[in-house]
Amino acid sequence: MTKLKFCGLKNLDDVAICNELKPDYVGFILAESKRRIDQDTAQELRQALDPDIPCVGVFVNEEPETIQAYVDAGIIQVVQLHGDEDRAYIDKLRQLCQAPIIKALAIKDKDSFQVDLPCDAYLYDAYNKHVRGGSGQAFNWDLISARPDKHRAKTFFLAGGLNASNLAEAIRTTQPEVVDISSGIEGADGHKDYDKAKAVCQIVRSIP
Ligand SMILES: O=C(O)c1ccccc1N[C@@H]1O[C@H](COP(=O)(O)O)[C@@H](O)[C@H]1O
């Protein structure tokens, strides 16, 4: 079954939704964004969250030592790099901490997959010239079928504009190991919406 990541938790209400619905991962935005939370808030949310749910820290071109501090403090268990991080950056980060590393790629066209990085998983998100992620925009999923073999050997997360209305098609078309959703489970107030999150869970868990 496809795993589920709910990203962009900002407060204890968002955590309560996750503690009930139990996604496989949750994400904290620790980079420039309307969803950014500070370290104290991230610590508070981690402590309130079901200990069995790993927290993914989302960073954009952050100092590796800062990421190491989040891992060492037990605030995050997985690192998501959503900027221009290259092989040398990832090698350095690996020397500093043991957490699995997801590298996000902004997908514009078939050339967007032409990278080979020492990450544990790739995350494919829509390219947007204004924001690094969390745009609520989908990309052309047909591009994924032509990705290089080196990408196929790794786990991949599908992200970008997923919601209850397109999720089933997205999973059937691309067969990701994990689907990652932020905007698609938010209400008009920018907070996670229980009904939207529940609908997404039901869809993901109904597809074998
Ligand atoms: O969500 C953000 O604000 C964000 C900011 C900077 C980097 C990544 C961000 N979010 C990631 O974007 C994708 C898709 O989000 P959406 O479902 O389209 O809103 C997801 O991987 C988030 O982790």
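Order of appearance sets the numbers: ligands from 1, and atoms from 1 within every ligand. The chain is numbered in sequence order, starting from 1.
- Contact atoms of ligand 1 toward Ser33: 2 (C), 3 (O), 5 (C) (distance under 4.0 Å to a heavy atom of the residue).
- Nearest protein heavy-atom neighbour of atom 21 (O) of ligand 1: Asp180 OD2, 2.6 Å.
- Here's the thing with Gly161: one of its N/O atoms is less than 3.5 angstrom from an N/O atom of ligand 1.
- Annotation: Gly184 places no N or O atom under 3.5 Å from an N or O atom of ligand 1; distance criterion only.
- Inclusion of Gly134 in the set of residues having an N or O under 3.5 Å from an N or O of ligand 1 is warranted.
- Taking a cut-off of under 4.0 Å to the non-hydrogen atoms of Ser183, the atoms of ligand 1 that pass are 16 (P), 17 (O), 19 (O).
- Ionic pairing of Lys5 and Asp180 is present here: one or more N-O contacts between side-chain nitrogen and carboxylate oxygen are shorter than 4.0 angstrom.
- Ion pairing between Asp142 and Lys110 fails under the 4.0 Å rule for side-chain N and carboxylate O.
- Not a single heavy atom of Gly27 sits less than 4.0 Å from an atom of ligand 1.
- The two atoms that bring Leu143 and Lys108 nearest to each other are CD1-O, 4.2 Å, heavy atoms only.
- No chain of hydrophobic side-chain contacts below 4.5 Å, direct or via other Ile, Leu, Val, Met, Phe, Trp or Tyr residues, connects Val60 to Val71.
- For atom 17 (O) of ligand 1, the closest non-hydrogen atom of the protein is Ser182 N, 3.0 Å.
- Using a cutoff of 4.0 Å between basic side-chain nitrogens and carboxylate oxygens, Glu186 and Lys34 are not scored as salt-bridged.
- At a threshold of 4.5 Å between non-hydrogen side-chain atoms, the residues Thr155 and Asp120 do not count as touching.
- Lys103 pairs by the side-chain hydrogen bond (donor to acceptor under 3.5 Å, both in side chains) definition with Glu85, not counting sequence neighbours.
- Scanning all protein heavy atoms for the shortest distance to atom 13 (C) of ligand 1 gives Asp125 OD2, 3.4 Å.
- If you look at Lys5 next to ligand 1, the close heavy atoms, those under 4.0 Å, all belong to the side chain.
- With a heavy-atom cut-off of 4.0 Å, Gln80 touches ligand 1 through its side chain alone.
- Neither the backbone nor the side chain of Ala31 has a heavy atom within less than 4.0 Å of ligand 1.
- For ligand 1, the polar-atom distance check against Arg35 finds a nitrogen or oxygen pair separated by under 3.5 Å.
- Of all heavy-atom pairs between Arg35 and Ser183, the closest is NH2-OG, 3.1 Å.
- Centroid-to-centroid, the aromatic rings of Tyr124 and Phe113 come within less than 6.0 Å.
- The side-chain hydrogen bond (donor to acceptor under 3.5 Å, both in side chains) test applied to Asp50 returns Lys22, not counting sequence neighbours.
- The shortest separation from a heavy atom of Gly8 to ligand 1 is not under 4.0 Å, leaving the residue out of contact.
- Under 4.0 Å from ligand 1, the heavy atoms of Leu123 that appear belong solely to its side chain.
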